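Here is the structure we will look at, set down as structure tokens.
None of the values given here were measured: they were computed from a predicted structure. All values below were derived from every heavy atom in this structure, side-chain atoms included, with hydrogens, water molecules and symmetry-related copies excluded. Labels below follow one simple rule: chain letters A, B, ... track the order of the sequence lines, proteins then strands, and each chain is numbered from 1.
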Number of protein chains: 2
Amino acid sequence: MNTNQRARHLRLPEATAEDEAGAADRQFVAALGRGLDILRCFDEGDAELGNQDFVQRTGLPKATVSRLTYTLARLGFLTYVERSGRYTIGAGVVALARTMLNNLDIRQLARPQMLELAERFGAVCCMAARDRNHIVFIEMARSSSAITLSTDVGSRVPIESTALGRAYLAVMPADERTALLADLKQARGKDWPAAKAAIAQGQEQFRRQGFVVSLQSWQRDVNAVAVPLVMPNGSGIYSFMCGGPSFLIKQAALENEIGPALRQMVYRLEVGIGGRRGVHRLRD
Amino acid sequence: MNTNQRARHLRLPEATAEDEAGAADRQFVAALGRGLDILRCFDEGDAELGNQDFVQRTGLPKATVSRLTYTLARLGFLTYVERSGRYTIGAGVVALARTMLNNLDIRQLARPQMLELAERFGAVCCMAARDRNHIVFIEMARSSSAITLSTDVGSRVPIESTALGRAYLAVMPADERTALLADLKQARGKDWPAAKAAIAQGQEQFRRQGFVVSLQSWQRDVNAVAVPLVMPNGSGIYSFMCGGPSFLIKQAALENEIGPALRQMVYRLEVGIGGRRGVHRLRD
DNA sequence: AATTATATTCCGCATTGCGGAACTAAGTTC
DNA sequence: GAACTTAGTTCCGCAATGCGGAATATAATT
């Protein structure tokens, strides 16, 4: 066997499908994984990418990339741009995203309450889920007076440096969390110790108060508080946040008013979807 | 060779990847196509789907589906729901969609003008692209007074029965259009003659007036006018629409005011992105 | 015309994915 | 609680499928 020089890919910041699949996972369909890796190559600011770019970013051989992009384009997940010979993400993806959002009942349920909260505190209130190493906004409510944050549904923020992420971590099943932390550790490199401390602190705060406050740790000028929601039917975890510009939203308000109100909101949601029956663990 | 009994799938309304690939396309990666077919199984109203559902909808064998869903879930394109043993679309898709939308320059450029138009006519103004047999909303601007249509970014509407779609068809390259029409024909079955006539009429109207008006052909109570935009760099075609409830937006207004205004807007956009040379295209 | 950079096509090889069948695991029904 | 039903995973041998190095095509650049 002189083969298997395949997995000799460049090591890149984001793990590729191949890496994740670990050794030999008889169940994992590599061709599919690679195709999706191609899609994930697109990042903020990459309007168009050519096969060459994909080759560089994924470490896959030219011929392979060519075939994959061809396939993706054929199915509308990529759009071929005549003039430049490059690709953009196809419109099909947007439709898929909408289907997902529309069918997320919890989101419909939460929306009015989020709006109310945002209005009440002149803040922004978001709902988020996790996508691998990131937190993704799933819904966003702004008070009419709020200074608009430049984020929107579908935007991603880091896990370890946001209230949303730390709240999420606080309620993750132990095994999953361990895996995720390991992942983050290697992605963050030497910034890890600081991140780890912040996570631990979030954990602790959640245990005591039922929410996680974050002061400017994600962006210099944003303060926020977050509360996680574990879906009772095992469909995962969501995280809710309320916050705003630091000159407006102060720590005291977050801890004494907004945090409790948000916790209350999430509690109501849990009840609304049939969790928290019988005895309650966390009462306020 | 006793093989090749594989392609013996049930014939389903929406063509699957396999069908499209046609005979033997050496370039097409079937495993990837099948995986994406799984994702596409989700439709409005399908919050969760189990492997069984996928088997039914795609016609693929159990074992195959099992492997594909496993892979998709591993990569965050599907989320596994503990309790029900079924899947939902993963949050990663939403992030991907956002990336696409954010990088679509034409969209940023169009937004303010769309808003202005919507405001001016008390209507809704949308921008759309095509995803296979559908038109997908890419941007939407509402006048503050508008009665909200229940559609939103990412929603899909048919091609042949909407102004947006018919405008799109009017400027498609001949070969692509032929293929698309063939596709639609077989999907629509006996409703085709009517659809075909409407398309031809749209074509004709576009040739004469530069826009396509549609009165209640998509929904009983919606009137609209649409104008297509062929990107000068060959990155595809977009379609813009302005319209609203039929009791408010009348045919006369569409033809005499709104249509021309929309046409004008699209013209400005074309200029703004360097199309419509004649004068000069773009020197860099 | 020569050079570089990028993408597609070719084609033989073996890996990968396939899928029928056997096996688990949960419900239902009687 | 045995006998069905229904859904999902695992097994495993087979060969079709996808792979990828090299050759070829296509453009842009000098």
Subject >> Side chain B/Asn103, main chain B/Thr99, donor-acceptor under 3.5 Å >> reply: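 Yes; at least one donor-acceptor contact below 3.5 Å.
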Original post:
When you measure from the side chain of B/Thr71 to the backbone N and O of B/Arg67, does any donor-acceptor pair fall under 3.5 Å?
Top reply: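 Answer holds: yes.
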**OP:** Identify, between A/Leu32 and A/Gly85, the residue whose nearest nucleotide on DNA chain C lies closer to the 5' end.
**Re:** A/Gly85
Nearest-angstrom distance from the residue atom [atom1] of [X] to [atom2] of [N]:
{"X": "B/Gln27", "N": "D/dT17", "atom1": "CD", "atom2": "P", "answer": "15 Å"}
{"X": "A/Leu60", "N": "D/dG18", "atom1": "CG", "atom2": "C1'", "answer": "12 Å"}
{"X": "B/Leu49", "N": "D/dA7", "atom1": "CG", "atom2": "P", "answer": "13 Å"}
{"X": "A/Phe28", "N": "D/dT10", "atom1": "CZ", "atom2": "P", "answer": "15 Å"}
{"X": "B/Asp53", "N": "D/dT6", "atom1": "CG", "atom2": "P", "answer": "14 Å"}
{"X": "B/Ile38", "N": "C/dC18", "atom1": "CD1", "atom2": "P", "answer": "11 Å"}
{"X": "A/Leu68", "N": "C/dT8", "atom1": "CG", "atom2": "P", "answer": "12 Å"}
{"X": "B/Phe54", "N": "D/dT9", "atom1": "CZ", "atom2": "P", "answer": "11 Å"}

Please confirm whether the shortest side-chain N or O distance from [X] to OP1 or OP2 of [N] is below 4.0 Å.
{"X": "A/Arg34", "N": "D/dC19", "answer": "yes"}
{"X": "B/Arg67", "N": "C/dC18", "answer": "yes"}
{"X": "A/Ser66", "N": "C/dA7", "answer": "no"}

Original post:
Of A/Lys62 and B/Asn51, whose nearest nucleotide on DNA chain D comes first from the 5' end?
Top reply: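 Here B/Asn51 is the residue nearer the 5' end.
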Considering only heavy atoms from C-beta outward, does the side chain of [X] approach that of [Y] to under 4.5 Å?
{"X": "B/Phe54", "Y": "B/Thr69", "value": "yes"}
{"X": "B/Thr64", "Y": "B/Val55", "value": "no"}
{"X": "A/Asp105", "Y": "A/Ile273", "value": "no"}

**OP:** Using only heavy-atom distances, determine whether the side chains of B/Glu48 and B/Ser84 contain a donor-acceptor pair under 3.5 Å.
**Re:** yes
Original post:
If you look at every strand shown and take non-hydrogen atoms under 4.0 Å, does B/Ala63 touch a base, only sugar-phosphate, or nothing?
Top reply: base
**OP:** Just need the stems in DNA chain D: three or more back-to-back Watson-Crick or G-U pairs, each with both distances under 3.5 angstrom, sorted by first number.
**Re:** C:1-30 with D:1-30
Subject >> Option from B/Asp46, B/Asp37, B/Asp43 for which salt bridge (Lys or Arg N to Asp or Glu O under 4.0 Å) with B/Arg57 holds >> reply: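 Filter result, single survivor: B/Asp46.
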Original post:
Given D/dG21, D/dG8, D/dG18, which nucleotide is nearest the side-chain atoms of A/Pro61?
Top reply: D/dG21
